[in-house]
Structure formats: structure tokens, C-alpha cells
Amino acid sequence: MPALRLPALDPDTVTVRRGSGYPEPFRSRMGDRTKRRLGDACGLTRFGVNLVTLGPGGQSALRHWHTEEDEFVYVLEGEVVLITDEGEQVLRAGDCAGYPAGKADAHHFINRSTAPARYLEVGNRDPADRATYPDDDVQYSTDAQGAARYAHKDGRAY
């Protein structure tokens, strides 16, 4: 079978990124999490699409919400526990969740099962976005060049 060429691609050909951009002590809390940046690989610039795999015990992110970015997640395989301000619920293959920009309902996933879980994560890319992490002493913004900037809630850099 011939190799796909853009605009099509085989997700397995996209570089696997391990870990997190969070500073310590938060980075290591993500556990076994990998992402394939499918949107970037396809040349998309206005929204991102990531294929995420969470190993057992892995977590998607610190619990957070965005000021300017919508997020959407569609579970492909396995199950994850969605934790929001309202509590917990299990999402399985075929389930989805959406988080509107500006809605102060912090969320994240944890894989409490014994098998990997995979999902698609989709979000717009707004340079004015800020993320709030109610459970942790961290905040997110971007600098003038668009690079991620993590700081303590009082503004001190990590």
C-alpha cells in the first residue's frame, strides 16, 4: 500500500511527544502520557488536534480551564475519569466532552484503569488565552512570541 501524502497522513508516522510542558513539581504528575500533534503535522494553524494516549495512572493535565480556548475531547479507546468542578464521571470509547472558552469549570482526565486509553483532543489556538489551575500554584499564558509561560499565581516565574 503506498504511503499517504498530505493532506492525508497516517497518525502512526507523527512524532510521539512524551511528558509535559509544565514546570516541576507538576510535570512528573502527568505519568504515562503521550501526544501525537496531528493538527501540526497537517499544517493546521488555527486549531490543534492531538491524539493522546494515557497509560494506567496517567493524567491529561492539571485540572484547568481556559479563558479564550474551546476544547473538545472524543474518547477512541479505553476509559478515562473526567474530573470537573461538578465531580467525577467515567468516559468510554465513543463518549465526548466539550469545554467552552471562559467557562470556569476546571477539568482533566485520569486513567484509573489497567489498560491504556486514547482520545482526540481538539482546541482553537488563541494567543490571548490564559489557563487557570484552581488546585495548584500555577498559571499559564503566552509571551509576545507565543511561547508558553508558566508562573506562580502571584506572578513569579518558575
Side-chain angles (χ1 to χ4, degrees), residues 6-7 9 11 14-55 57-91 95-111 117-158:
L6 289 176
L9 65 80
V14 177
T15 302
V16 173
R17 296 181 179 262
R18 293 192 174 281
S20 161
Y22 292 130
E24 287 296 359
F26 310 111
R27 179 182 301 126
S28 56
R29 287 175 41 195
M30 298 309 101
D32 185 11
R33 181 189 79 178
T34 65
K35 291 188 180 191
R36 293 179 190 262
R37 295 183 176 173
L38 304 182
D40 287 354
C42 288
L44 303 181
T45 60
R46 295 187 182 182
F47 65 94
V49 180
N50 297 315
L51 178 59
V52 181
T53 301
L54 283 184
Q59 108 179 18
S60 62
L62 300 174
R63 214 167 63 84
H64 69 286
W65 62 274
H66 291 275
T67 59
E68 305 299 324
E69 289 191 4
D70 287 336
E71 288 184 277
F72 177 83
V73 172
Y74 184 87
V75 181
L76 299 167
E77 298 173 20
E79 69 178 42
V80 293
V81 177
L82 168 61
I83 303 170
T84 67
D85 290 349
E86 297 298 317
E88 298 185 5
Q89 53 188 316
V90 175
L91 276 65
D95 293 335
C96 63
Y99 317 100
K103 184 174 182 186
D105 183 11
H107 57 272
H108 73 161
F109 292 126
I110 296 177
N111 182 351
R118 287 176 30 134
Y119 57 88
L120 283 176
E121 170 184 84
V122 181
N124 64 299
R125 297 177 176 180
D126 190 316
D129 183 51
R130 300 180 68 81
T132 298
Y133 301 86
D135 305 331
D136 297 288
D137 180 25
V138 65
Q139 61 182 337
Y140 167 86
S141 62
T142 54
D143 64 19
Q145 290 73 40
R149 181 180 179 281
Y150 291 96
H152 293 271
K153 288 182 177 174
D154 66 8
R156 290 177 297 123
Y158 271 97

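Heads up: numbering here begins at 1 and tracks the sequence. Treat the numbers as computed from the prediction; the structure is a model and nothing was measured. Side-chain atoms are counted along with the backbone in the values below, which use heavy atoms only and exclude waters and symmetry mates.
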Handout entry: Which residues share a side chain to side chain contact (heavy atoms under 4.5 Å, CB included) with A148, sequence neighbours left out
Key = Y140, Y150
Handout entry: ring pair (Phe, Tyr, Trp, His ring centres under 6.0 Å) involving H108 - partner list, sequence neighbours excluded
Key = none
Problem - Sequence neighbours excluded - side chain to side chain donor-acceptor pair (under 3.5 Å) pairs with any residue from residues 37-47 - result: D40-R125
Handout entry: Under 3.5 Å donor-acceptor, Y22 side chain and R29 backbone
Key = no
Exercise for the section: Any ring pair (Phe, Tyr, Trp, His ring centres under 6.0 Å) involving residues 25-45? Give me the pairs, sequence neighbours left out, ordered by first then second residue. Expected result: F26-Y158
Practice task
Check for a donor-acceptor pair, side chain of D70 on one end and backbone N or O of G123 on the other, with a separation under 3.5 Å.
Solution key: no
Practice task
Identify, with sequence neighbours excluded, every residue that meets salt bridge (charged side-chain N to carboxylate O under 4.0 Å, His left out) alongside E121.
Solution key: K35
Exercise for the section: Please list all pairs passing the salt bridge (charged side-chain N to carboxylate O under 4.0 Å, His left out) test where one or both residues lie in residues 96-108, with sequence neighbours left out. Expected result: none
Practice task
Using the six-membered ring wherever Trp is involved, compare the ring planes of H66 and H64 and label them parallel, tilted or perpendicular (cut-offs 30° and 60°).
Solution key: perpendicular
Practice task
List for me each residue that meets side-chain hydrogen bond (donor to acceptor under 3.5 Å, both in side chains) alongside S141, sequence neighbours excluded, and say none if there are none.
Solution key: none
Problem - Pairing residues for D95 by the salt bridge (charged side-chain N to carboxylate O under 4.0 Å, His left out) criterion, not counting sequence neighbours - result: none
Practice task
Determine which pairs satisfy salt bridge (charged side-chain N to carboxylate O under 4.0 Å, His left out) with at least one residue from residues 17-28, sequence neighbours left out, and list them in order.
Solution key: R18-D32
Practice task
For D126, check side-chain hydrogen bond (donor to acceptor under 3.5 Å, both in side chains) against everything at least two apart and list the hits.
Solution key: none
Handout entry: salt bridge (charged side-chain N to carboxylate O under 4.0 Å, His left out) partners for R130, two or more places apart
Key = none
Practice task
Hey, could you give me each pair passing salt bridge (charged side-chain N to carboxylate O under 4.0 Å, His left out) that has a residue in residues 73-90? Not counting sequence neighbours.
Solution key: R63-D85, E77-R118, E79-R92, E88-R112
